[in-house]
Amino acid sequence: MGALDDTDPKEFITDFFTSFMSDLVRGDEDPAVIVDRYHTPDILQVADGHLMDRAKLIAHTRPARKHQTGARWEVHEAMADGDRIAARYTLHFQTSKREGSVDVHFFGQFADDGRMRRAHMLTRSVPVEVSDRGRVST
(Lines give C-alpha, C1' and ligand atoms only; values in the text may rest on other atoms or scores of the structure.)
Protein backbone atom coordinates (compact mmCIF):
# COMPACT_ATOMS: atom_id res chain seq x y z
CA MET A 1 0.00 0.00 0.00
CA GLY A 2 1.07 3.52 -0.55
CA ALA A 3 -0.16 7.07 -0.63
CA LEU A 4 -2.80 8.17 -3.11
CA ASP A 5 -0.43 10.63 -4.74
CA ASP A 6 1.76 7.78 -5.95
CA THR A 7 -0.72 5.97 -8.20
CA ASP A 8 -3.74 6.21 -10.47
CA PRO A 9 -6.97 6.15 -8.38
CA LYS A 10 -8.37 3.21 -10.38
CA GLU A 11 -5.21 1.20 -9.75
CA PHE A 12 -5.09 2.24 -6.08
CA ILE A 13 -8.63 1.11 -5.28
CA THR A 14 -8.27 -2.12 -7.29
CA ASP A 15 -4.97 -2.95 -5.59
CA PHE A 16 -6.32 -2.05 -2.15
CA PHE A 17 -9.34 -4.37 -2.29
CA THR A 18 -7.56 -7.16 -4.20
CA SER A 19 -4.65 -7.23 -1.73
CA PHE A 20 -6.92 -7.01 1.31
CA MET A 21 -9.11 -9.89 0.14
CA SER A 22 -6.14 -11.99 -0.93
CA ASP A 23 -4.42 -11.57 2.45
CA LEU A 24 -7.68 -12.35 4.21
CA VAL A 25 -8.70 -15.42 2.22
CA ARG A 26 -5.35 -16.97 1.38
CA GLY A 27 -3.41 -16.12 4.53
CA ASP A 28 -3.43 -17.72 7.93
CA GLU A 29 -2.93 -14.56 9.99
CA ASP A 30 -5.59 -13.49 12.46
CA PRO A 31 -8.23 -11.42 10.62
CA ALA A 32 -7.69 -8.55 13.10
CA VAL A 33 -4.05 -8.28 12.02
CA ILE A 34 -5.09 -8.13 8.37
CA VAL A 35 -7.84 -5.58 9.01
CA ASP A 36 -5.34 -3.41 10.88
CA ARG A 37 -2.87 -3.64 7.99
CA TYR A 38 -5.43 -2.13 5.61
CA HIS A 39 -7.53 0.09 7.91
CA THR A 40 -6.81 2.70 10.55
CA PRO A 41 -7.86 1.90 14.16
CA ASP A 42 -10.69 4.45 13.89
CA ILE A 43 -12.12 2.95 10.66
CA LEU A 44 -15.77 3.63 10.00
CA GLN A 45 -17.52 2.07 7.03
CA VAL A 46 -21.11 2.70 6.08
CA ALA A 47 -22.50 0.30 3.49
CA ASP A 48 -26.12 0.85 2.47
CA GLY A 49 -26.76 2.59 5.78
CA HIS A 50 -25.11 -0.10 7.96
CA LEU A 51 -22.26 1.20 10.10
CA MET A 52 -19.19 -0.96 10.75
CA ASP A 53 -16.42 0.06 13.09
CA ARG A 54 -13.18 -1.92 13.50
CA ALA A 55 -14.76 -4.65 15.66
CA LYS A 56 -17.71 -5.14 13.30
CA LEU A 57 -15.39 -5.16 10.29
CA ILE A 58 -13.26 -7.89 11.84
CA ALA A 59 -16.38 -9.92 12.62
CA HIS A 60 -17.58 -9.38 9.04
CA THR A 61 -14.31 -10.72 7.60
CA ARG A 62 -14.43 -14.06 9.42
CA PRO A 63 -17.22 -15.59 7.26
CA ALA A 64 -15.56 -14.21 4.11
CA ARG A 65 -12.42 -16.11 5.02
CA LYS A 66 -14.37 -19.36 5.23
CA HIS A 67 -16.59 -19.00 2.17
CA GLN A 68 -14.89 -16.69 -0.36
CA THR A 69 -13.39 -18.60 -3.26
CA GLY A 70 -12.75 -15.72 -5.64
CA ALA A 71 -13.25 -12.02 -6.22
CA ARG A 72 -12.45 -9.51 -8.92
CA TRP A 73 -12.88 -5.73 -8.88
CA GLU A 74 -13.76 -4.04 -12.16
CA VAL A 75 -13.22 -0.32 -11.54
CA HIS A 76 -15.17 1.68 -14.10
CA GLU A 77 -14.04 5.10 -12.96
CA ALA A 78 -12.26 6.66 -10.02
CA MET A 79 -11.00 10.06 -9.03
CA ALA A 80 -8.90 11.27 -6.14
CA ASP A 81 -8.68 14.59 -4.36
CA GLY A 82 -6.08 14.70 -1.62
CA ASP A 83 -6.76 11.78 0.72
CA ARG A 84 -10.17 10.95 -0.77
CA ILE A 85 -11.27 8.65 -3.57
CA ALA A 86 -14.62 8.37 -5.29
CA ALA A 87 -15.04 5.26 -7.40
CA ARG A 88 -17.66 3.30 -9.26
CA TYR A 89 -16.86 -0.38 -9.57
CA THR A 90 -18.36 -3.84 -9.91
CA LEU A 91 -17.32 -6.56 -7.50
CA HIS A 92 -17.56 -10.02 -9.05
CA PHE A 93 -17.40 -12.71 -6.37
CA GLN A 94 -17.58 -16.43 -5.86
CA THR A 95 -18.31 -18.18 -2.59
CA SER A 96 -18.63 -21.84 -1.74
CA LYS A 97 -22.39 -21.50 -2.30
CA ARG A 98 -22.91 -18.92 -5.04
CA GLU A 99 -21.45 -16.35 -7.37
CA GLY A 100 -22.62 -12.90 -8.28
CA SER A 101 -21.80 -9.29 -8.93
CA VAL A 102 -22.46 -6.08 -7.04
CA ASP A 103 -22.25 -2.54 -8.40
CA VAL A 104 -20.66 -0.21 -5.85
CA HIS A 105 -20.48 3.56 -5.56
CA PHE A 106 -17.60 4.16 -3.16
CA PHE A 107 -16.51 7.31 -1.34
CA GLY A 108 -13.45 6.81 0.85
CA GLN A 109 -10.79 8.58 2.83
CA PHE A 110 -7.31 7.11 3.25
CA ALA A 111 -4.43 7.80 5.63
CA ASP A 112 -1.01 8.86 4.33
CA ASP A 113 0.19 5.25 4.61
CA GLY A 114 -2.61 4.01 2.31
CA ARG A 115 -4.87 2.54 4.98
CA MET A 116 -8.60 3.20 4.77
CA ARG A 117 -9.98 5.60 7.38
CA ARG A 118 -13.57 6.14 6.20
CA ALA A 119 -15.80 4.60 3.56
CA HIS A 120 -19.34 5.14 2.40
CA MET A 121 -20.72 2.65 -0.10
CA LEU A 122 -23.98 2.33 -1.95
CA THR A 123 -24.49 -1.06 -3.55
CA ARG A 124 -26.82 -2.79 -5.97
CA SER A 125 -26.84 -6.47 -6.81
CA VAL A 126 -26.41 -7.07 -10.51
CA PRO A 127 -29.21 -9.30 -11.79
CA VAL A 128 -28.01 -12.79 -12.62
CA GLU A 129 -29.16 -14.37 -15.87
CA VAL A 130 -29.08 -18.09 -16.55
CA SER A 131 -28.33 -18.88 -20.17
CA ASP A 132 -29.89 -21.76 -22.03
CA ARG A 133 -26.71 -23.77 -21.38
CA GLY A 134 -27.12 -23.43 -17.62
CA ARG A 135 -24.21 -21.02 -17.24
CA VAL A 136 -24.58 -18.01 -15.01
CA SER A 137 -23.77 -14.63 -16.50
CA THR A 138 -23.98 -11.11 -15.18
Side-chain angles (χ1 to χ4, degrees):
M1 286 182 300
L4 287 173
D5 296 336
D6 298 340
T7 188
D8 175 70
K10 287 173 82 169
E11 289 177 31
F12 180 91
I13 205 71
T14 301
D15 292 347
F16 178 88
F17 285 119
T18 301
S19 296
F20 175 57
M21 188 56 67
S22 179
D23 285 359
L24 186 66
V25 173
R26 292 176 180 80
D28 58 0
E29 290 179 289
D30 184 297
V33 171
I34 297 168
V35 166
D36 289 344
R37 184 177 306 133
Y38 289 88
H39 302 83
T40 61
D42 61 343
I43 180 66
L44 288 177
Q45 279 189 201
V46 180
D48 299 326
H50 300 282
L51 177 69
M52 282 195 289
D53 60 9
R54 179 183 176 273
K56 288 180 182 176
L57 181 59
I58 292 167
H60 181 73
T61 62
R62 293 186 195 281
R65 173 173 258 179
K66 288 182 184 178
H67 302 290
Q68 189 83 29
T69 59
R72 180 176 59 85
W73 283 261
E74 180 183 358
V75 180
H76 307 291
E77 58 187 327
M79 59 179 55
D81 183 17
D83 62 352
R84 299 174 190 269
I85 288 183
R88 186 178 60 81
Y89 61 86
T90 302
L91 166 60
H92 304 281
F93 66 89
Q94 299 86 38
T95 70
S96 55
K97 297 183 180 188
R98 68 185 187 106
E99 64 181 60
S101 298
V102 178
D103 285 335
V104 181
H105 295 254
F106 172 89
F107 304 90
Q109 179 185 23
F110 291 81
D112 289 340
D113 62 5
R115 293 185 299 160
M116 185 186 296
R117 175 170 284 134
R118 302 277 180 271
H120 291 265
M121 294 171 270
L122 300 171
T123 68
R124 177 188 74 87
S125 294
V126 176
V128 176
E129 299 175 11
V130 179
S131 72
D132 53 356
R133 295 184 185 172
R135 294 181 138 185
V136 176
S137 61
T138 54

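By the side chain to side chain donor-acceptor pair (under 3.5 Å) test, Ser96 is found to be paired with His67, residues two or more places apart in sequence or in another chain being considered. Partners of Met79 according to the side-chain contact (heavy atoms from CB on, under 4.5 Å) rule, which considers only residues two or more places apart in sequence or in another chain, are Ala86. Listed by chain and residue number, Arg88 satisfy the side-chain contact (heavy atoms from CB on, under 4.5 Å) test with Glu77 (two or more places apart in sequence, or in another chain). Every residue two or more places apart in sequence or in another chain that forms a side chain to side chain donor-acceptor pair (under 3.5 Å) with Asp42 is listed here: Thr40. In this view, Asp53 satisfies the side chain to side chain donor-acceptor pair (under 3.5 Å) rule with no residue, not counting sequence neighbours. For Gln94, the side-chain contact (heavy atoms from CB on, under 4.5 Å) partners are Thr69, Glu99, not counting sequence neighbours. Here Ala32 pairs with Asp30, Arg54, Ile58 under the side-chain contact (heavy atoms from CB on, under 4.5 Å) rule; sequence neighbours left out. Partners of Arg124 by side chain to side chain donor-acceptor pair (under 3.5 Å), not counting sequence neighbours, listed by chain and number: Asp103.
When all heavy atoms of Ala78 and Ala87 are compared, the closest pair comes out as CB-CB, 3.8 Å. Taking both residues in full, the closest heavy atoms of Leu24 and Pro31 are given as CD1-CB, 4.2 Å, listed atom of the first, atom of the second, then distance.
Cluster partners of Leu51, using a side-chain heavy-atom cutoff of under 4.5 Å among ILVMFWY residues and allowing indirect links, are Leu44, Val46.
Expressed to the nearest 0.5 Å, how far NE2 of His39 lies from CE of Met52 amounts to 8.5 Å. To the nearest 0.5 Å, atom CE of residue Met116 and atom CZ of residue Phe110 are 4.0 Å apart. Atom NE2 of residue His105 and atom NE2 of residue His76 lie 8.5 Å apart, to the nearest 0.5 angstrom. Note that CZ of Arg37 and CD of Glu29 are 4.0 Å apart. Values are rounded to the nearest 0.5 Å. The structure places CZ of Arg62 at 10.5 Å from CG of Leu57, a figure rounded to the nearest 0.5 Å. Taking OG1 from Thr123 and CZ from Phe106, the interatomic distance works out to 13.0 Å, rounded to the nearest 0.5 Å.
Arg72 is not listed as a side-chain neighbour of Ser101, based on a closest heavy-atom distance of 4.5 Å or more.
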Extract all donor-acceptor atom pairs below 3.5 Å that involve side chains of residues 10-22 and protein atoms in other chains or at least two apart in sequence.
from, atom 1, to, atom 2, distance (Å)
Thr14, OG1, Lys10, O, 2.8
Thr18, OG1, Thr14, O, 2.7
Ser19, OG, Asp15, O, 2.9

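For the pair Asp23 (side chain) and Ile34 (backbone), a donor-acceptor distance under 3.5 Å is absent.
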